[in-house]
Amino acid sequence: MKYIETQTLPSLGHAEVRIIAHTPEAARAVAEALRHCFAGTEQRSYPGLDGDTRLHLTVDTATPAGPARSWLAASRTPAGTGAHSDET
């Protein structure tokens, strides 16, 4: 039987992240990588139905840090630019 979670949306500028992994160590490694990019709340972990690990955290997407800030800034197209001359 599948469990369907109903929850309100996170506040504007935040995202809820759900990590499901075979081991707690794998889930924590992913959460740690996210925290290097985004400010976040304390993670909450739960045992899964099939012996897996479920880890939940909320990240602040409005104020990215480290690698995410660099990536987001570089990925935005400057205003007023169009296709390159070699693009059709």
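Values below: all heavy atoms of this structure, side chains included; hydrogens, waters and symmetry mates excluded.
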Audit row: Arg18, Leu57, side chain to side chain contact (heavy atoms under 4.5 Å, CB included) steps and yes/no = CA-CA 7 Å; Arg18 307 283 191 235; Leu57 67 148; over 6 Å; no
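Contact of the Leu55 side chain with the Arg28 side chain is registered, since non-hydrogen atoms from C-beta on lie closer than 4.5 Å. Considering only heavy atoms from C-beta on, Leu34 comes within 4.5 Å of Val17 through its side chain.
Inspection of the His56 and Arg44 side chains reveals no N or O donor paired with an N or O acceptor under 3.5 Å.
Ala21 approaches Ala27 most closely through the heavy-atom pair CB-N, 3.8 Å. When every heavy atom of Ala31 is checked against every heavy atom of Ile19, the shortest pair comes out as N-CD1, 3.8 Å.
Side-chain N or O atoms of Asp50 include none that pairs as donor or acceptor with a backbone N or O of Asp52 at under 3.5 Å. The closest donor-acceptor contact from the side chain of Thr58 to the backbone of Glu16 lies at 3.5 Å or more, if one exists at all.
Here the CG atom belonging to Asp60 is positioned 13.0 Å from the SG atom belonging to Cys37, to the nearest 0.5 angstrom.
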